[in-house]
Number of protein chains: 2
Amino acid sequence: MVKRKWKEIFHNFDKRPTPSRCAILEVFEEEKSHLSAEEVHERLKQKRKKVGIATVYRNLDLLSRMGILRRVNFGDGREHYELVQTSETHHHHLVCVNCGKAIDYSELMDEEREFLNRLEKELEKKHGFQIQSHQVYFYGLCEKCQ
Amino acid sequence: MVKRKWKEIFHNFDKRPTPSRCAILEVFEEEKSHLSAEEVHERLKQKRKKVGIATVYRNLDLLSRMGILRRVNFGDGREHYELVQTSETHHHHLVCVNCGKAIDYSELMDEEREFLNRLEKELEKKHGFQIQSHQVYFYGLCEKCQ
DNA sequence: TTGAATGCAAATAATTTGCACGGAT
DNA sequence: ATCCGTGCAAATTATTTGCATTCAA
């Protein structure tokens with residue numbers, strides 16, 4: 001069940017929704033969370049899909065460039081990826097500085113969205129940047145580690 | 001001119017303000033910007049200070065754990081570091097998705113600070129996290145790449 | 001049949017580690 | 001004398017690349 005929307009995006013990019021690519025997307029749908037390349041590869045193995053690690057890397061990159069996935073970064077020395085949910089205007093991360101656990105936070109306050117939009121406009125004017133997206137990270141101690 | 005405050009911190013951590021450590025801090029004072037380990041190493045060479053790359057890595061890590069430096073991350077596959085001082089209250093980054101150029105934005109709007117503090121409180125309550133700091137990244141096209 | 005996609009192994013790049021030495025306390 | 005900090009080189013980890021093969025339009 002690879003979504004029609006995705007098929008369309010593949011078509012727009014002149015890329016094919018190959019078995020490996022679909023399998024990778026399935027993994028993300030099932031996990032509903034951020035994963036590293038190695039983790040994706042692991043999940044695929046568990047599902048008896050044989051996809052080489054190089055292909056995983058190549059496709060995570062492709063899917064990010066196509067805007068289906070988004071790269072996120074928790075400072076643990078490897079890239080993580082997550083599904084871009086179109087419904088979600090933004091996306092925050094809470095990272096535990098002790099155990100490294102990272103949880104996603106995507107509830108949305110109107111006020112918050114409005115504020116960040118305003119801030120983006122301001123920055124565009126001030127720095128000549130054309131801003132496309134943003135990410136917010138909060139660092140601290142999770143419940144267990146306090 | 002390694003600041004008294006830093007000496008104190010070294011002392012609190014039972015660590016010594018060695019020549020390499022001071023030289024590294026000097027580099028950051030002069031640059032007033034984020035640097036990768038390799039860049040720090042390069043600057044040290046230019047200043048005729050001979051510090052091995054392993055020592056640079058070890059000390060960037062140490063200085064981060066001591067709270068003098070902060071790790072920042074631009075998704076280019078390597079860690080960057082910056083002085084915590086320069087960005088006390090908060091610190092934003094504008095990253096060009098085309099050329100990778102990353103500029104720092106540390107001007108501060110009262111409104112902005114207040115807003116993020118409020119948001120932190122909210123998240124602490126909702127997720128049981130004890131938040132210590134945050135980082136905000138904006139992604140888009142810089143002036144040249146538009 | 002032709003270019004796109006993949007697997008595998010080798011190559012790179014960034015960072016970490018083991019170990020012996022030198023210097024400060 | 002002891003232990004911290006360091007340099008060097010080797011090891012590890014994450015990611016990328018070259019190339020021959022396979023696959024799909």
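A, B, ... follow the sequence lines: proteins, then strands. Residue 1 opens every chain. Quick caveat, the model's predicted, so the values are computed rather than measured.
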- State the CD1-CG distance between B/Ile131 and B/Leu123, to the nearest 0.5 angstrom. 4.5 Å

- What's the CG-C1' distance between A/Asp14 and C/dT2, to the nearest Å? 15 Å

- Message: Please report the distance, rounded to the nearest Å, between CD in B/Glu39 and C1' in C/dA14.
- Response: 13 Å

- Query: Does A/Tyr137 use its side chain to pair, donor to acceptor, with the backbone of B/Tyr137 at less than 3.5 Å?
  - Reply: no

- Locate the shortest heavy-atom distance separating A/Pro17 from A/Cys22; write the atom from each residue and the value. O-SG, 3.5 Å

- Query: Along DNA chain D, 5' to 3', what are the outermost nucleotides having an atom less than 4.0 Å from a heavy atom of chain A?
  - Reply: D/dA14 to D/dA24

Residues 37-45 of chain B, side-chain donor-acceptor partners within the protein, below 3.5 Å, at least two apart:
from: B/Glu39; atom 1: OE1; to: B/Ser36; atom 2: N; distance (Å): 2.7
from: B/Glu39; atom 1: OE1; to: B/Ser36; atom 2: OG; distance (Å): 3.4
from: B/His41; atom 1: NE2; to: B/Val51; atom 2: O; distance (Å): 3.1
from: B/Arg43; atom 1: NE; to: B/Glu31; atom 2: OE2; distance (Å): 2.8

- Item | Least distance between heavy atoms, B/Gly75 atom then A/Asn73 atom | CA-ND2, 3.7 Å

- Task: Among the candidates C/dA24, C/dG7, C/dA5, find the nucleotide nearest to the side-chain atoms of A/Arg21.
- Result: C/dA5

- Task: Not counting sequence neighbours, which residues clear salt bridge (Lys or Arg N to Asp or Glu O under 4.0 Å) with A/Asp61? List them please.
- Result: A/Arg65, A/Arg71

- Message: If you assign A/His80 and B/Lys15 each to the DNA chain D nucleotide with the nearest heavy atom, which residue ends up on the more 5' nucleotide?
- Response: B/Lys15

- Message: Need to verify one output field. Residue with the more 5' nearest nucleotide on DNA chain C, B/Tyr81 or B/Arg16?
- Response: B/Tyr81

- Using a 3.5 Å limit on both pairing distances, list the dot-bracket string of DNA chain D from the 5' end; Watson-Crick and G-U wobble pairs count, crossing pairs take [ ], interstrand pairs take |. |||||||||||||||||||||||||

- Send over the distance from B/His11 NE2 to C/dA24 P, rounded to a whole Å. 18 Å

- Under the side chain to side chain donor-acceptor pair (under 3.5 Å) test, residues paired with A/Glu79 that sit two or more places apart: none

- Task: Mind checking the CZ-OH spacing from A/Arg70 to A/Tyr81? Nearest 0.5 Å is all I need.
- Result: 13.5 Å

- In chain order, what residues pass the salt bridge (Lys or Arg N to Asp or Glu O under 4.0 Å) check against B/Lys47, with sequence neighbours excluded? B/Glu26, B/Glu30

- Sugar-phosphate, base or nothing in reach of B/Glu79, heavy atoms under 4.0 Å: sugar-phosphate

- With B/Gln130 via side chain to side chain contact (heavy atoms under 4.5 Å, CB included) - residues at least two apart: A/Leu141, A/Gln146

- Side-chain N or O of A/Lys50 less than 4.0 angstrom from OP1 or OP2 on C/dG7? no

- Mind checking B/Ser20 for me? I need base, sugar-phosphate or nothing, with any heavy atom below 4.0 Å counting as a touch. sugar-phosphate

- Residues pairing under ring-ring contact (aromatic ring centres under 6.0 Å, His included) where one sits in residues 48-74 of chain B, two or more places apart or in two chains, turn out to be B/His34-B/Phe74, B/Phe74-B/His80, B/Phe74-B/His93

- Item | Any residue of residues 54-65 of chain A with a heavy atom less than 4.0 Å from an atom of DNA chain D | A/Ala54, A/Tyr57, A/Arg58

- Message: Return whichever of B/Asp76 or A/Thr18 has its heavy-atom-nearest nucleotide of DNA chain C closer to the 5' end.
- Response: A/Thr18

- Find the distance A/Leu44:CG to C/dT6:C1' and express it as a whole number of Å. 14 Å

